[in-house]
Amino acid sequence: MMTANDFIETKAPQLAYFGKAFLNNQLDYKEIQIYMWDVLEEWQFISNNPIQLAEQPSDTEKVFWHLLYCFDHWSGWAIKGNQYLRQQVHECCDYIDIGGNVPQSCIGIRP
């Protein structure tokens, strides 16, 4: 049975990879949107079982949900064109990849 932590450990590196590829013009925004909906559909199976949600969200999980929210809330051109949003996405991807300090103003909660 997959826990919330297992789920995040699997999905977060993928999202960081997609986010960086998007910022580097190597991936179309539509691909991230498809991935996002797949993630949310899979998350439903975990969120419907309280035992799997017993752990408190890790910092990586919070950053993951924040990053997913950014891709859901902002358009691709807004993320690329707005220096603040672009930097925020970049910092979230870096945090997921290499750790360090949680990016400021990064508030992610479980859907």
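We use all heavy atoms of the structure for the numbers below, so side chains are in, but hydrogens, waters and symmetry mates are not. Keep in mind that what you see is a predicted model, and the values were worked out from it rather than measured.
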Check: [Y] main-chain N/O paired with [X] side-chain donor or acceptor under 3.5 Å:
{"X": "D28", "Y": "K30", "value": "yes"}
{"X": "D97", "Y": "D94", "value": "no"}
{"X": "N82", "Y": "A78", "value": "no"}

When rounded to the nearest 0.5 angstrom, what distance separates [atom1] in [X] from [atom2] in [Y]?
{"X": "L15", "Y": "C70", "atom1": "CG", "atom2": "SG", "answer": "9.5 Å"}
{"X": "D38", "Y": "K11", "atom1": "CG", "atom2": "NZ", "answer": "7.5 Å"}
{"X": "M36", "Y": "Y69", "atom1": "CE", "atom2": "OH", "answer": "12.0 Å"}
{"X": "R110", "Y": "S47", "atom1": "CZ", "atom2": "OG", "answer": "9.5 Å"}
{"X": "K62", "Y": "I107", "atom1": "NZ", "atom2": "CD1", "answer": "10.5 Å"}
{"X": "I8", "Y": "T60", "atom1": "CD1", "atom2": "OG1", "answer": "9.0 Å"}

| query | Between Q87 and E91, is any side-chain donor less than 3.5 angstrom from a side-chain acceptor? | reply |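 E91 and Q87 do have a side-chain donor-acceptor pair below 3.5 Å.
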
| task | Check side-chain contact (heavy atoms from CB on, under 4.5 Å) between Y29 and all other residues, then give those that pass, not counting sequence neighbours. | result |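 Y29 satisfies side-chain contact (heavy atoms from CB on, under 4.5 Å) with F22, Q33, F71, I79 only.
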
Nearest non-hydrogen partners of [X] and [Y], listed with the distance:
{"X": "C106", "Y": "C92", "result": "SG-SG, 3.8 Å"}
{"X": "C93", "Y": "G19", "result": "SG-CA, 3.8 Å"}
{"X": "I96", "Y": "A16", "result": "CG2-CB, 3.8 Å"}
{"X": "P13", "Y": "T10", "result": "CD-O, 3.7 Å"}

| message | With clusters defined by side-chain heavy atoms of hydrophobic residues (ILVMFWY) lying less than 4.5 Å apart, directly or transitively, does F64 cluster with W37? | response |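 Same hydrophobic cluster.
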
